[in-house]
Each structure stands twice: as C-alpha cells, then as structure tokens.
Enquirer: 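Pasting a structure here, questions to come.
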Amino acid sequence: MVTLLHQQNCRSCPALVASRRRIVHGYGDTASGIVFIGEAPGRHGADQTGIPFWGDRSGRMLRRILVQVGLASDETAGATLRCFITNVVRCCPPGNRTPTPAEVRACRTWLWMELDMIKPRLIIPVGRIALQEVGMRYLKHDPGAIRSVHATVLRSRHVTILPLIHPARISRADVQAFITAVQPLIDERNEP
Ligand code: URA
C-alpha cells in the first residue's frame with residue numbers, strides 16, 4: 001500500500017488547522033490506474049485513523065463496494081487494494097461540514113499532485129465536491145448534479161470518469177447501478 005505524499009504542516013486554512021486531528025493524504029495501489037476521490041476526511045473515520053474512508057460508516061459502505069467489484073481483497077484494515085483512495089480536501093472540516101470553495105482551492109495542489117503522479121485511466125469522484133473538481137480538471141465544465149450523473153460514464157481525452165453518490169447518502173439501488181457500470185471499466189484494464 002503506497003502513500004504518495006507525506007504529512008506536511010500545512011496551515012493554509014485556519015478553520016481546518018483548528019479542527020483537524022491530522023492531515024490525510026491518499027493511499028492504495030498507485031499502479032492500478034483507478035482512483036476514488038472523496039470530499040474530506042470524516043470526523044469519525046479518516047481524521048482518527050489517518051486513512052481515507054476508513055473507520056466510519058461511509059468507509060464501511062465504500063469498502064463493501066470495493067470488495068464486491070474486486071478492488072479490495074476483503075473488508076479488513078489489512079486488505080489489499082487494487083485502487084488508490086484520496087480526498088479533495090485533506091483536513092476534516094469543523095463539524096464534518098462541507099469544505100468551502102476557498103478550502104477546496106487551497107488544497108487543490110495536493111490532489112493534482114497525486115493525479116499527476118498516478119495518471120489514472122479511471123476516476124471515481126465520490127460525491128458532489130469531488131465531481132466538481134474532477135469535472136473542472138478533466139472535462140473543463142461542471143458535470144451537473146451528482147444524482148443526475150451517478151453511475152454514468154463521462155469520458156475525457158485521457159480519463160474515464162464514473163461518478164458515485166457519496167456513500168453517506170447512497171441507496172441500495174444506486175450501489176447496484178454503480179457496480180453494474182463500473183465492472184466493465186475495471187475489466188478493460190485486464191484485457192490484453
Ligand atoms: N471519509 C473520507 O475519507 N472521505 C469522505 O468523503 C468521507 C469519509
């Protein structure tokens with residue numbers, strides 16, 4: 001399991017410096033070409049564990065999906081991942097609120113650095129904030145509401161994008177729709 005960036009003593013966002021327990025960068029399989037991007041470390045999960053989507057309800061739901069599509073070997077902390085998992089913002093906002101546009105802007109270099117190093121072929125923006133970031137970088141436009149593009153393949157020149165409704169708010173039917181849509185995109189990688 002690889003983390004590309006090390007903890008830094010970033011102090012760009014005063015509210016986040018005051019609220020975070022730690023800075024959480026992405027981790028996982030950097031050679032897989034598949035990147036999941038969440039919003040920000042959860043107060044009861046990544047902010048405590050230091051691992052994106054680990055330790056809270058959203059994390060458990062995402063991990064269940066990863067196991068179902070073969071991107072995680074199991075649901076334990078020691079599972080092998082066949083994808084990279086990161087967040088738009090690296091510090092947990094006060095009260096688990098949505099990061100502000102200024103906080104997203106201030107944190108952008110970290111995410112873009114990870115994406116530049118990994119050069120993913122498949123990106124799964126998890127939730128609205130990640131969808132906006134990915135849309136801006138790869139599609140050069142706002143792809144619209146997450147609910148209207150959930151599990152819909154969006155292609156840019158170099159990357160396939162498959163938005164996922166945030167696991168904190170996802171229904172069983174939406175999980176199933178995502179699994180059906182993502183499976184052939186994962187398998188593409190394994191074809192000669
Ligand atoms: N945990 C994360 O790391 N990111 C989220 O978006 C939610 C929970």
Side-chain angles (χ1 to χ4, degrees), residues 1-8 10 13 15-17 19-30 32 34-67 71-72 75-79 81-108 110-115 118 120 123-137 143 145-147 149-151 161-171 174-175 178 182:
M1 235 28 53
V2 177
T3 299
L4 290 173
L5 306 171
H6 295 291
Q7 301 285 328
Q8 306 275 339
C10 178
C13 309
L16 301 190
V17 171
S19 70
R20 74 182 178 210
R21 286 194 182 87
R22 68 193 81 241
I23 298 171
V24 183
H25 292 300
Y27 88 117
D29 180 355
T30 55
S32 63
I34 301 175
V35 177
F36 284 73
I37 306 173
E39 181 174 302
R43 170 69 62 210
H44 307 293
D47 187 48
Q48 294 194 23
T49 62
I51 301 172
F53 284 102
W54 188 256
D56 55 9
R57 210 166 64 84
S58 300
R60 281 191 292 282
M61 173 58 84
L62 182 64
R63 196 53 81 101
R64 216 169 294 151
I65 294 172
L66 296 182
V67 170
L71 293 179
E75 291 180 32
T76 69
L81 286 189
R82 290 176 212 100
C83 60
F84 192 82
I85 306 176
T86 190
N87 281 302
V88 170
V89 167
R90 273 108 219 285
C91 301
C92 179
N96 255 349
R97 66 156 166 73
T98 302
T100 64
E103 289 163 353
V104 169
R105 261 195 316 278
C107 221
R108 192 166 280 152
W110 299 116
L111 176 63
W112 289 21
M113 228 186 279
E114 285 174 330
L115 294 171
I118 294 173
I123 297 181
I124 291 102
V126 182
R128 175 176 63 87
I129 298 291
L131 176 63
Q132 283 171 352
E133 275 302 280
V134 168
M136 196 186 74
R137 178 174 164 136
I146 184 82
R147 291 208 168 269
V149 291
H150 169 75
I161 298 160
L162 190 73
L164 171 63
I165 289 173
H166 199 282
R169 292 173 276 281
I170 202 166
S171 71
D174 288 330
V175 169
F178 176 78
V182 82

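Computed from a predicted structure; not experimentally measured. Every number for a ligand or one of its atoms is a count from 1 in the order of the listing.
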Enquirer: Do His25 and Arg90 have a side chain donor and acceptor closer than 3.5 Å?
Expert: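 Yes, side-chain donor-acceptor contact under 3.5 Å.
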Enquirer: Check each atom of ligand 1 against the heavy atoms of His166 and keep those under 4.0 Å away; list them by number with element.
Expert: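 It comes down to these atoms of ligand 1: 5 (C), 6 (O), 7 (C).
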Enquirer: Could you give the distance from CG (Leu16) to OG1 (Thr100), rounded to the nearest 0.5 Å?
Expert: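 Reported value, rounded in 0.5 Å steps: 7.0 Å.
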Enquirer: Hey, is the main chain of Ala145 close enough, under 3.5 Å, to the side chain of Arg128 for a donor-acceptor pair?
Expert: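 Checked: no pair found.
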Enquirer: Just jot down the ligand 1 atoms closer than 4.0 angstrom to any heavy atom of Pro52, in number order.
Expert: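 The atoms of ligand 1 under 4.0 Å from a heavy atom of Pro52 are 3 (O).
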Enquirer: Among all the protein's non-hydrogen atoms, which is closest to atom 2 (C) of ligand 1, and how far away is it?
Expert: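 Nearest protein contact, heavy atoms only, for atom 2 (C) of ligand 1 is Ala40 O, 3.3 Å.
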Enquirer: Would you mind listing which atoms of ligand 1 come within a distance below 4.0 Å of any non-hydrogen atom of Glu39?
Expert: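 Taking each heavy atom of Glu39 in turn, ligand 1 has 5 (C), 6 (O) under 4.0 Å.
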Enquirer: Under 4.0 Å between a side-chain nitrogen and a carboxylate oxygen: does that hold for Arg169 and Asp174?
Expert: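 Salt bridge absent between Arg169 and Asp174.
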Enquirer: For ligand 1, indicate whether the residue Asp56 contacts it via side chain, backbone, both or neither (heavy-atom separation under 4.0 Å).
Expert: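 Side chain only.
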Enquirer: Considering the options Val89, Val88, Leu115, which one meets the side-chain contact (heavy atoms from CB on, under 4.5 Å) requirement together with Glu133?
Expert: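 Result: among Val89, Val88, Leu115, Val88 is the only option passing the side-chain contact (heavy atoms from CB on, under 4.5 Å) with Glu133.
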Enquirer: I need the atoms of ligand 1 closer than 4.0 Å to a non-hydrogen atom of Ala46, numbered in the order shown.
Expert: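 Selected atoms, number and element: 3 (O).
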Enquirer: Does an N or O anywhere in Phe53 fall below 3.5 Å from an N or O of ligand 1?
Expert: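 In this structure, Phe53 places an N or O atom under 3.5 Å from an N or O of ligand 1.
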Enquirer: Name every donor-acceptor pair, under 3.5 Å, that has one atom in a side chain of residues 35-45 and the other anywhere in the protein, sequence neighbours excluded.
Expert:
from  : atom 1 : to    : atom 2 : distance (Å)
Arg43 : NH1    : Ser19 : O      : 2.9
Arg43 : NH1    : Asp47 : OD2    : 2.8
Arg43 : NH2    : Ser19 : O      : 3.3

Enquirer: Between ligand 1 and Ser58, is the shortest N or O to N or O distance under 3.5 Å?
Expert: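 Among all N and O atoms of Ser58, none is under 3.5 Å from an N or O of ligand 1.
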